[in-house]
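Reading through the structure tokens given below for one structure.
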Amino acid sequence: MGKKLFLFDLDGTLVTTGGAGLRALDRAFESLLGLRNAMEGVSPAGKTDPLIVREVFVEKLGRVPSADDTRAVCESYLRYLPEEVKNGSGYRVMAGVRETLRALAAREEMVLGLGTGNLERGARIKLAPAGLNDYFPFGGFGSDAEARPEVLRAGVRRAEARSGERFSPRDVFVIGDTLLDVEAGKAIGATTVAVAAGHAGLEDLRAGNPDILLESLAAERFWEGLPR
Ligand SMILES: [Mg+2]
């Protein structure tokens with residue numbers, strides 16, 4: 001059997017920051033554009049950071065952001081994020097994450113990466129308090145693309161460049177907590193693993209018809225049944 005690649009979503013799958021990302025985006029929009037409570041009524045779950053920025057521009061400012069607009073908001077967001085992650089009270093690692101990562105990392109045929117809508121620098125800031133960055137030397141990020149399937153493709157490309165392996169699509173496992181993760185995984189032909197511990201419930205995720213549906217990463221050692 002060839003190697004298997006696991007691309008993990010971040011928010012609601014590995015950790016939750018207790019809204020630190022929302023607060024940092026609010027501060028970025030307010031400081032740059034004078035827009036207060038930018039994230040009110042905007043659902044960021046499963047979306048890439050550039051897509052979230054675009055939605056705020058369209059819904060709250062009535063225009064599509066230029067590339068410079070998006071870059072400026074993202075830079076400002078990244079300046080506020082460390083403080084919001086550090087000072088917020090809701091930060092936690094999701095159930096079963098440490099055990100899962102430890103078990104996967106111990107198996108030579110398993111390759112771990114991120115598949116997250118976060119900008120890479122934002123992802124690193126969010127994972128640092130939990131000490132999880134070392135598990136993920138690479139990934140696909142919101143800084144690679146606005147469309148989530150493209151983010152995942154970037155993760156696969158980096159995995160292949162690093163390992164010298166070619167991963168068949170079904171040997172790529174996309175693990176996430178929203179329907180958008182499942183949809184993006186299906187769009188690249190990956191095996192989708194939906195975890196109902198973050199933003200969406202079991203029944204909501206079932207509607208997306210993921211290959212594997214888990215209540216949490218603590219509920220089941222889903223990788224154990226995979227052929228070696
Ligand atoms: Mg998520």
Side-chain angles (χ1 to χ4, degrees), residues 6-25 39 42-56 77 81 84-85 88 90-98 100-101 112-130 132-133 135-136 139-155 172-188 190-219 222:
F6 294 79
L7 294 179
F8 282 84
D9 169 57
L10 195 157
D11 296 287
T13 300
L14 294 174
V15 304
T16 176
T17 63
L22 299 187
R23 294 192 300 274
L25 272 173
M39 294 305 294
V42 176
S43 165
K47 294 175 187 164
T48 63
D49 286 347
L51 177 60
I52 295 165
V53 170
R54 174 192 294 274
E55 287 192 359
V56 171
Y77 159 78
L81 186 61
E84 291 298 339
V85 169
Y91 187 98
R92 67 187 166 91
V93 179
M94 304 303 286
V97 163
R98 290 188 190 281
T100 299
L101 296 178
L112 295 187
L114 292 167
T116 169
N118 281 278
L119 307 169
E120 175 161 17
R121 281 161 61 199
R124 299 303 178 190
I125 291 165
K126 288 181 176 182
L127 291 178
L132 295 180
N133 274 314
Y135 282 109
F136 304 105
F141 300 93
S143 31
D144 292 312
E146 182 178 308
R148 199 167 185 106
E150 294 310 314
V151 165
L152 296 176
R153 286 194 180 99
V172 177
F173 290 73
V174 169
I175 300 129
D177 70 313
T178 71
L179 280 174
L180 293 175
D181 296 87
V182 176
E183 282 171 17
K186 284 180 183 290
I188 68 159
T191 301
T192 52
V193 182
V195 187
H199 294 95
L202 217 46
E203 289 317 308
D204 291 335
L205 290 173
R206 199 187 306 280
N209 198 23
D211 296 287
I212 299 171
L213 177 60
L214 306 173
E215 266 181 63
S216 79
L217 284 172
F222 71 91

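For ligands, and for the atoms within them, numbers begin at 1 and follow the listed sequence. None of the values given here were measured: they were computed from a predicted structure. Each residue takes its place number in the sequence, starting with 1. Just so it is clear, the values below take in all heavy atoms, side chains as well, and ignore hydrogens, waters and symmetry mates.
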Minimum-distance atom from the Mg ion (ligand 1) among N, O or S atoms of Asp177: OD1

Donor-acceptor check, side chain of Ser143 to backbone of Glu120, threshold 3.5 angstrom: yes or no? yes

Please determine if the Mg ion (ligand 1) has an N/O/S atom from Asp181 lying under 2.8 Å away. no

How is the N/O/S atom of Asp9 that comes nearest to the Mg ion (ligand 1) named? OD2

Is the shortest side-chain N to carboxylate O distance from Lys186 to Glu183 below 4.0 Å? no

Closest heavy-atom pair and its distance - Leu205, Leu179: CD2-N, 3.7 Å

Write the atom name of the N, O or S atom in Asp11 that is nearest the Mg ion (ligand 1). O

Which distance, rounded to the nearest 0.5 Å, do you find between the NE2 of His199 and the CG of Asp9? 8.5 Å

